[in-house]
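Heads up, the thing below is written out as structure tokens.
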Amino acid sequence: MSHVLRTKPPESLTAEEAAEELAALASEIAEHDRRYYQDDAPIVSDAEYDALRRRNDVIEAIFPGLVRPDSPSRRVGATPTGRFAKVTHRVPMLSLGNAFADDEVIEFLRRIRRFLGLGDEAAVDVMAEPKIDGLSLSLRYEDRVLAVAATRGDGYAGENVTANARTLPDIPTRLPKEAPDLVEVRGEVYLNKADFAELNRKFAAEGGRTYANPRNFAAGSLRMLDPKVTASRPLRFFAYAWGEMQAMPADTQSGMLEAIGHWGFKVNELSRHCATIDDALAFYREIAVRRAKLPYDIDGVVYKVDRLDLQQRLGFVSREPRWAIAHKFPAERVETVLRGIDIQVGRTGALTPVARLEPVTVGGVVVQNATLHNEDYIHGIGMDGEPIRGGKDIRIGDTVTVQRAGDVIPQIVDVDLGQRPPDARPYDFPKVCPVCGSAVVREFNEKTGKHDSVARCTGGLVCDAQAVEKLIHFVSRLAFDIEGFGAKQIDAFHAAGLIRTPADIFTLHARKDALRKAVFEQREAAAVLREEATGKKRQKSLSEEERQFANVDKLLVAIDERRRIAFHRFVYALGIRHIGETTAKLLARSYGTVEAFVEAMTAAAADREGDAFRELDAIAGIGDTAAEALADFFAEPHNRDALAALLAEVTVEPAEAVDAGSPVAGKTVVFTGTLEKMSREEAKAMAERLGAKVAGSVSKKTDLVVAGPGAGSKLKDAEKHGVQVIDEAGWFELVGAKP
Ligand code: IVH
């Protein structure tokens, strides 16, 4: 695809030229999206890509009638490939939490000791491993033969790339006879820096595609349709973890790596067993120094608790293990000029200032936008009300320092006053919403006695930005996941007045004619304007009309397919502040059915001192903030109405208990008194893993109280309500676990 130079200023384009250019931009940008999202192989820098999108936006602003239905401005991102079959991971492939400073590593180990109920001085050995910057791959061996190779995907399901993985010399296709019958080995596919440079040079000379970095190169190469192409790329593999295992060859991380090494995998030789935190931090510093000379890219060090029984007890919080952390190398920083500040209005009405920067390369990636967080941040005030950057504010025209670390959104971390233009003025944060014109407020937080750092539009559903963002969230992948229904459709149907609230989506079939009309009119309007602009009459064909009708029918079918939905998806879809995927799952598990949930939330909203609120607040993993946000949501009559209307349209499946077979599944348990074999946190985590709900206070709804020495009022409450009481040993006996 040629990279067309567009030199004519948009305002001097004729309508005909504009229509032609918008068509070209739409297909060109779609192609870049495909390369970026699906092939992991962008052929333009972020800056060039953004410039194309900006040009598209500017032309559309001048010729609003020419906005195409397939315009990039109506589309966010691209769909996943769908070229490889999906593989569900039997054991999810989760990610790692990050630490950037020594303190955070020290805190990580302190947390582990606390969770395990160990003393501050107790030894917790860790395995320290270089963090390879590639992409993770899971290799399943059945009867010692490679059966399936799958990419990580979203952690729960990835792509089946078996044929390609077989071509990697580092990946054995057979395991020796000492390996168990069922084995899943996991690790990182990567490329040596020298191989990357050489191949990129060769590809460039041949006029072919090049890759931004070895990681993209490896990802693109592993996901080739033709395994012969993958075979021609010098991909390598380091093993460092495992998934499903029929038998464990060792009881430590280091022992496992050794065993996996004996089975024929490459394990990283630099990895080191560390008995103290000082050893681990010394390893980090040593690796940081050696980093540049290593043949492959690394972006930090991973620390893992060595003993597997401890790993097991520590388990996971949301998508990250408690027993491992990535200690990342420092972020890269570069100076550039701040050209402007735009305000984005999110789903919850939060106004986020976004810096528009003079494009600059930070750590191999061109950065053009960065977050400015909030109003105070721009004015040099931190979250705690104290000055940051020595109190220096940020102004348009300033020379600023941009920082980028890993996949995190780039940030502006400093400003150079020496280079401030004389006419630069302090930035005025908008007092009204740029989308709907409603007042913008910063709520007063009674707990902190301060104003919230986030400014919010008060327009609620009146604000088109919020209404549309809420609906986009509602149909998104982790929520209702309606096929063929994305930002583009929401925008168009919202603008046509067809959908205002989620329930409206499910009544669209009753307004099929209006829906067809909306889809059709949108296309017609664009086409008529194109005709006027080009002076050419288009060929009207019936088939085009039929095709669009068929699209509408397909959409209605996709909507109908989602009338049954898992409880946690439903909760997540509501888009309540602070209620993400993990919290939604906790709520679903705790309340079991949507009816019980709505009843409890309505009660909690009506009385924040009452039992319902206290029980909500006591659910492990639900903090005060989430509890308050839920109560706030349910206190709004229009939210309750919207919810009732939605429930009339959809069926919400009851939550499945995590371990339905466990003797405490679905039970409400209270721990009280001193526990001796495990910390309170571990007890909660264990009970929840077994499908129980852990509450903080005893009521008539409690099924079981586990009381240690020193239990007081809760024990009395248990007697009062006739709740069964057992001790810690009784608990272990009941759940069939060893203390
Ligand atoms: S362990 C549950 N060990 O880093 C923990 N990950 O940021 C599983 N990575 O998805 C990961 N080197 O792709 C682990 N020695 C190492 C690693 C490593 C690189 C990658 C991996 C993971 C990502 C998390």
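Read the numbers this way: they start at 1 and go in the same order the structure lists the ligands and their atoms. Index from 1, following the sequence. Keep in mind that what you see is a predicted model, and the values were worked out from it rather than measured.
- At a threshold of 4.5 Å between non-hydrogen side-chain atoms, the residues Leu587 and His568 do not count as touching.
- A search for side chain to side chain contact (heavy atoms under 4.5 Å, CB included) contacts involving Asn268 returns Pro130, Ile132, Phe238, Leu270, Ser271, Tyr296, not counting sequence neighbours.
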Side-chain atoms of residues 109-118: list all donor-acceptor pairs with protein atoms under 3.5 Å, sequence neighbours left out, distances to 0.1 Å.
unit_1: Arg110; atom_1: NH1; unit_2: Glu107; atom_2: OE1; d: 3.2
unit_1: Arg113; atom_1: NE; unit_2: Ala122; atom_2: O; d: 2.6
unit_1: Arg113; atom_1: NH2; unit_2: Ala122; atom_2: O; d: 2.9
unit_1: Arg114; atom_1: NH2; unit_2: Glu107; atom_2: OE2; d: 3.4

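- Rounding to the nearest 0.5 Å gives a distance of 11.0 Å between CG of Asp251 and CD of Gln311.
- Annotation: ligand 1 has protein neighbours Leu96, Glu129, Pro130, Lys131, Ile132, Ser136, Glu188, Tyr240, Val302, Lys304, Pro321, each with a heavy atom less than 4.0 angstrom from the ligand.
- We find that Lys86 and Glu159 are not joined by a salt bridge, their nearest charged nitrogen and carboxylate oxygen being 4.0 Å or further apart.
- Looking at residues two or more places apart in sequence or on another chain, you find a side chain to side chain contact (heavy atoms under 4.5 Å, CB included) between Asn160 and Ala85, Val87, Val148, Thr162.
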